[in-house]
Amino acid sequence: MSRIIEINHPLVLHKLAIIRDKNTGSKEFREVVEEISTLMAYEVTRDLPMEEVDIETPVATAHCKMITGKKLAIVPILRAGIGMVDGMLKLVPAAKVGHIGLYRDESTLQPVEYFCKLPKDIEEREVIVVDPMLATGGSAIDAIHMLKKRGAKSIKFVGLVAAPEGIKALSEKHPDVDIFIASIDEKLNEHGYIVPGLGDAGDRLFGTK
Ligand SMILES: O=P(O)(O)OC[C@H]1O[C@H](OP(=O)(O)OP(=O)(O)O)[C@H](O)[C@@H]1O
Ligand SMILES: O=c1cc[nH]c(=O)[nH]1
Ligand SMILES: [Mg+2]
């Protein structure tokens, strides 16, 4: 079964409160989404494999651990996922970046695919799918399905705000995928928006509406 990891660190919660505020404009919204993504990357990379190495300090030999060089790929779900990429890359700058384009049809709430470009060796990479919002879960479920169809084997999902309905649907459809979320909110409303949520993440990031 998926592990559900809610990142309730004070720094994350504080920054999340800033982006929930309807008076926060696009510039600050983008900056703070990037900051939260860096903080979440710290938690998401906690189980990266390590190897023992001996390092010569100016004084003696230190028995150290370093990351084995496991290959990562960050895959944002367009558009809103793009807002999380740079923040993650700050901690894992060598990661490759793939893109999956999906939008949610406003009346059916079903995801519609329009783009997919992934690193060639995606099947060898640890894949981190990023999207600020997990509402019905349809977009994340579809994106992960597209990745698996193209060979990805090890996948994590990272989002900022989720509805319990989305967490349940995603973990049932992809029980092998761990879910990292800054906040699990109350519910979905009748339009499929997360309550209290933060509104439409894509529109708030890019100033469209
Ligand atoms: O869990 P779901 O019910 O599928 O909803 C979540 C999706 O909806 C939003 O994208 P949107 O369709 O607004 O596209 P955008 O990022 O281009 O604005 C959001 O960024 C997720 O991708
Ligand atoms: O609350 C929501 C739900 C889906 N997509 C968003 O951007 N916000
Ligand atoms: Mg949107």
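The shown structure was predicted, so the numbers you read here are calculated from the model rather than taken from an experiment. Read the numbers this way: they start at 1 and go in the same order the structure lists the ligands and their atoms.
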Polar atom proximity, [X] to ligand 1 (N or O, under 3.5 Å):
X: T136; value: yes
X: A135; value: yes
X: A80; value: yes
X: R79; value: yes
X: L134; value: no
X: Y114; value: no

Short list, please: which atoms of ligand 1 are under 4.0 Å from a heavy atom of [X]?
X: D200; answer: 13 (O), 18 (O)
X: M133; answer: 6 (C), 19 (C), 21 (C)
X: G202; answer: 18 (O)
X: G138; answer: 1 (O), 4 (O)
X: Y103; answer: 12 (O)
X: G137; answer: 1 (O), 2 (P), 3 (O)
X: D131; answer: 19 (C), 20 (O), 21 (C), 22 (O)

If the threshold is 4.0 Å, N to carboxylate O, is there a salt bridge linking K156 and E126? yes
I'd like to know if R3 and D176 make a salt bridge, using a cut-off of under 4.0 Å between side-chain N and carboxylate O. no
Proximal ligand 2 atoms for [X], defined as those under 4.0 Å from one of its heavy atoms:
X: G192; value: 3 (C)
X: A201; value: 6 (C), 7 (O)
X: A135; value: 3 (C), 4 (C)
X: G199; value: 1 (O), 2 (C), 6 (C), 7 (O), 8 (N)
X: I194; value: 1 (O), 2 (C)

Among L205, T208, L102, which one satisfies side-chain contact (heavy atoms from CB on, under 4.5 Å) with R79? T208
Rounded to the nearest 0.5 Å, what separation is found between the [atom1] atom of [X] and the [atom2] atom of [Y]?
X: E165; Y: I194; atom1: CD; atom2: CD1; result: 9.0 Å
X: I7; Y: I181; atom1: CD1; atom2: CD1; result: 9.0 Å
X: I141; Y: L170; atom1: CD1; atom2: CG; result: 5.5 Å
X: S2; Y: H174; atom1: OG; atom2: NE2; result: 9.5 Å

Atom NZ of residue position K173 - does it have more than 12 heavy atoms of other residues, nucleotides or ligands inside 6.0 Å? no
Side-chain donor/acceptor of T24 to backbone N/O of I19, under 3.5 Å: no
Start with the C-alpha distance between R20 and S183, add both sets of side-chain angles, then the distance that settles side-chain hydrogen bond (donor to acceptor under 3.5 Å, both in side chains), and finish with yes or no. CA-CA 11 Å; R20 283 187 193 276; S183 172; 3.0 Å; yes
Taking distance alone, no hydrogens or angles, what donor-acceptor pairs closer than 3.5 Å link side-chain atoms of residues 68-78 to residues at least two apart or in another chain?
residue	atom	partner	partner atom	Å
T68	OG1	P49	O	3.3
K71	NZ	D121	OD2	3.3
K71	NZ	E124	OE1	3.3

Run the numbers on D105 and T108 for side-chain hydrogen bond (donor to acceptor under 3.5 Å, both in side chains), then give the verdict. CA-CA 6 Å; D105 181 282; T108 64; 3.3 Å; yes
Mind checking whether R104 has a heavy atom under 4.0 Å from ligand 2? yes
Tell me whether G202 has any N or O atom under 3.5 angstrom from an N or O of ligand 2. no
For ligand 2, find out whether one of its N or O atoms is nearer than 3.5 Å to an N or O atom of M133. no
Answer yes or no for G192: is there a heavy-atom contact with ligand 1 below 4.0 Å? no
Could you list the donor-acceptor pairs under 3.5 angstrom formed between side-chain atoms of residues 35-44 and any protein atom two or more places apart in sequence or on another chain?
residue	atom	partner	partner atom	Å
E35	OE1	K15	NZ	2.8
S37	OG	V33	O	2.7
T38	OG1	E34	O	3.2
T38	OG1	G87	O	2.8
E43	OE1	R46	NH2	3.2
E43	OE2	R46	NE	2.8

